[in-house]
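Comments concern the structure below.
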Amino acid sequence: MPELPEVETIRRELDKEIIGRKIKSVEILGSRSVRRHESPSEPVARLQGKKIVQVRRLGKYLLFDLDTKDILVIHLGMSGQLLRAKGTKEPVAEHTHVIITLSQGGQLRFLDPRTFGEMFVSDPAENARRIPTQLAHLGFDPLSDQIGWIRFAAMLSSRKTQLKALLMDQEFVAGIGNIYSDEILFASGLRYDRLSNSLSPQEARRLHRSMIELLNDAIQMHGSSLADDAYKDIYGESGEFQGQHRVYNREGLPCPRCKRKIMRTKLAGRSTFYCAHCQL
DNA sequence: CAGATGCCCTGGGCGC
DNA sequence: TGCGCCCAGGGCATCT
C-alpha cells in the first residue's frame with residue numbers, strides 16, 4: 001500500500017514523537033511479521049532498553065537507528081500500519097502483530113491484515129550511507145538522494161524497459177509504486193509502455209522533474225488513502241492526496257487535461273491508468 | 001535482459 | 001443474506 005509519500009509522512013511524525021525515547025518492551029503477537037531472525041526472542045532482546053536515535057527512510061522502508069548502532073527496519077507491505085497509542089490500555093486492534101512500549105509512556109503498534117509487511121533488526125551498517133545489507137539492492141531515493149536529471153537520463157538510456165516497470169523497479173529507484181508511477185507518467189506526458197531508452201533529453205528531464213514534484217506534492221498532503229483506508233498515519237488519520245489523483249483509479253472519467261476518457265490496462269499484473277491522448 | 005505470471009495473505013465490493 | 005468471484009498502495013521466485 002504505502003509508497004514513498006505515505007512512508008515519509010509516517011517518518012516525519014515518528015521524528016516528532018519518538019526520537020530520543022527508549023524502548024521499554026517489545027511484544028510479538030504475530031510472528032509472521034518479524035522475519036529474518038532465528039527466533040523471535042533475538043530481535044526483542046536487541047530492542048529492549050535501547051534508545052531510538054533517529055528515524056530514516058529509504059524508498060518504502062523505515063530505518064530506526066538505535067544507540068547500539070543496530071537498525072530496526074520496518075516495511076509496511078500492502079496493508080501495514082504503524083499506530084501511536086497514548087497509553088498501554090488502549091484496546092488492541094485486530095491484526096496487531098507487534099507492540100513496542102516506550103519508556104515515557106505510549107506505544108507504537110504494528111498492524112498488518114495481509115501480513116505482507118515485515119520488521120527485523122539489522123546489524124550496524126558500516127557502509128558510507130549506513131544502509132543495512134538486507135537493503136543494499138535498493139536503488140536511489142528520489143528525494144533524499146538528489147540525482148540530477150542528466151544522470152537520471154543516462155540511467156534511463158542504459159536500460160530498455162517500459163517506463164512504468166522501471167519506475168516501480170525498487171532496484172532502479174526506491175519508493176515508487178502503482179499509484180505514483182501512473183501519476184508521475186501522466187504529469188510528464190509519457191505513456192506507461194514507452195521504452196526507457198527511447199526518451200529525448202527533454203522527455204527524460206520532464207520525467208525527472210515530475211517524479212520529484214509529484215512525490216513532494218503528495219507528501220505535503222500526507223499521502224494517499226484509498227477507499228479501503230488501508231493507509232493511515234500514526235495518529236490514524238487518512239491522507240488527502242487521493243483527491244489530487246489525475247489518472248489512478250479514474251477509468252472512464254474525463255482526463256483533467258483533454259477531457260477524453262482515462263484508459264485502464266494491465267502491466268505486469270498491475271492496473272494501469274493513463275490518457276491515450278495526453279501521454280505519448 | 002525484459003516481461004509475464006503466480007504466490008504470499010485478509011477483506012471489501014459486486015453479481016447472482 | 002449468502003456464496004463465489006475479482007480486486008487491492010508490495011515483493012519475490014520462476015518461467016518464457
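- A gap of 23 Å separates the P atoms of C/dC3 and B/dC9, to the nearest Å.
- Figure legend: cation-pi geometry between A/Arg36 and A/Phe120, with NZ or CZ positioned under 6.0 Å from the six-membered ring centre and within 45° of its axis.
- A/Asp67 meets the salt bridge (charged side-chain N to carboxylate O under 4.0 Å, His left out) test with no other residue; sequence neighbours excluded.
- Spacing between B/dA4 and C/dA8 at atom P, rounded to whole Å, works out to 16 Å.
- At the heavy-atom level, A/Ser271 lies under 4.0 Å from the strands shown only through sugar-phosphate atoms.
- Across all strands, A/Glu94 comes closer than 4.0 Å only to sugar-phosphate atoms, never to a base (heavy-atom distances).
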For DNA chain C, just give me the dot-bracket, please: Watson-Crick or G-U, both distances below 3.5 Å, ( ) intra-strand, [ ] crossing earlier pairs, | paired with another strand, . unpaired. .|||||||.|||||||

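- In this entry the distance linking CG of A/Asp112 with P of B/dC8 reads 16 Å, nearest Å.
- Atom pair A/Leu4:CG and C/dG10:C1' shows a separation of 14 Å (rounding to whole Å applied).
- For B/dG11, one of the phosphate oxygens OP1 or OP2 lies less than 4.0 angstrom from a side-chain nitrogen or oxygen of A/His95.
- Contact check, A/Arg32 against B/dC9: a side-chain N or O comes under 4.0 Å of OP1 or OP2.
- Separating the CD atom of A/Gln81 from the C1' atom of C/dG10 is a distance of 16 Å, rounded to the nearest angstrom.
- Residues passing the salt bridge (charged side-chain N to carboxylate O under 4.0 Å, His left out) test with A/Arg270, sequence neighbours excluded: none.
- For the atom pair CG of A/Leu185 and CG of A/Leu207, the computed distance is 6.5 Å after rounding to the nearest 0.5 Å.
- The phosphate of C/dG10 has neither OP1 nor OP2 within less than 4.0 Å of any side-chain N or O from A/His75.
- Comparing C/dG10, B/dC9, C/dC7 by their closest approach to the side chain of A/Arg114 singles out B/dC9.
- Separating the CG atom of A/Asn249 from the C1' atom of B/dG12 is a distance of 14 Å, rounded to the nearest angstrom.
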Intermediate values then yes/no, side chain to side chain contact (heavy atoms under 4.5 Å, CB included), A/Cys275 and A/Met263: CA-CA 6 Å; A/Cys275 173; A/Met263 309 298 287; over 6 Å; no

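- Applying the salt bridge (charged side-chain N to carboxylate O under 4.0 Å, His left out) criterion to A/Glu240, with sequence neighbours excluded, gives no partner residue.
- A side-chain contact (heavy atoms from CB on, under 4.5 Å) with A/Leu14 is found for exactly one of A/Leu62, A/Ile19, A/Ile74, namely A/Leu62.
- Contacts of A/Asn216 classified as side chain to side chain donor-acceptor pair (under 3.5 Å), with partners at least two apart in sequence or in another chain: none.
- Of all the residues in residues 206-216 of chain A, not one reaches under 4.0 Å from DNA chain B with any non-hydrogen atom.
- If you measure from atom CZ of A/Phe172 to atom P of C/dG11, you get 16 Å, rounded to the nearest angstrom.
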Check the interface with nucleotides 1-5 of chain B: list each N/O to N/O pair with the protein under 3.5 Å, or write none.
residue: B/dA2; atom: OP1; partner: A/Arg159; partner atom: NE; Å: 3.3
residue: B/dA2; atom: OP1; partner: A/Lys160; partner atom: N; Å: 3.4
residue: B/dA2; atom: OP2; partner: A/Arg159; partner atom: NE; Å: 3.4
residue: B/dA2; atom: O3'; partner: A/Lys160; partner atom: O; Å: 3.4
residue: B/dG3; atom: OP2; partner: A/Gln162; partner atom: N; Å: 3.1

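- No hydrogens or angles considered: a donor-acceptor pair under 3.5 Å links the side chains of A/Arg264 and A/Ser271.
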Could you list all N or O pairs between the protein and nucleotides 2-4 of chain C that sit under 3.5 Å apart?
none

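- Qualifying side chain to side chain donor-acceptor pair (under 3.5 Å) partners for A/Arg12, counting only residues two or more places apart in sequence or in other chains: A/Glu8.
- By the side chain to side chain donor-acceptor pair (under 3.5 Å) test, A/Arg206 pairs with no residue at all, sequence neighbours left out.
- Rounded to whole Å, the distance from CZ on A/Arg35 to P on B/dC8 is 13 Å.
- To the nearest angstrom, P of C/dG11 lies 12 Å from CZ of A/Phe120.
- Under the side chain to side chain donor-acceptor pair (under 3.5 Å) criterion, A/Arg109 pairs with A/Gln107, sequence neighbours left out.
- Distance check on atom C1': C/dG10 versus B/dC1 gives 23 Å, rounded to whole Å.
- Between A/Lys60 and A/Glu6 there is no salt bridge, since no side-chain N of the basic residue sits under 4.0 Å from a carboxylate O of the acidic one.
- For the pair A/Asp228 and A/Thr115, both in contact range of DNA chain B, the more 5′-proximal nearest nucleotide belongs to A/Thr115.
- Among the nucleotides B/dG11, C/dC12, C/dG10, the one closest to the side chain of A/Tyr61 is C/dC12.
- Stacking between A/Phe116 and the base of C/dG11 is absent under the criterion of ring centres within 5.5 Å and planes under 30 degrees.
- With rounding to whole Å, A/Leu76 atom CG is found 19 Å from B/dC9 atom P.
- Here A/Asp169 pairs with A/Arg159 under the salt bridge (charged side-chain N to carboxylate O under 4.0 Å, His left out) rule; sequence neighbours left out.
- Salt bridge present: A/Asp65 and A/Arg130 bring a charged side-chain N and a carboxylate O closer than 4.0 Å.
- With C/dG10, C/dC12, C/dA8 as the choices, the nucleotide that has an atom nearest any side-chain atom of A/Tyr248 turns out to be C/dA8.
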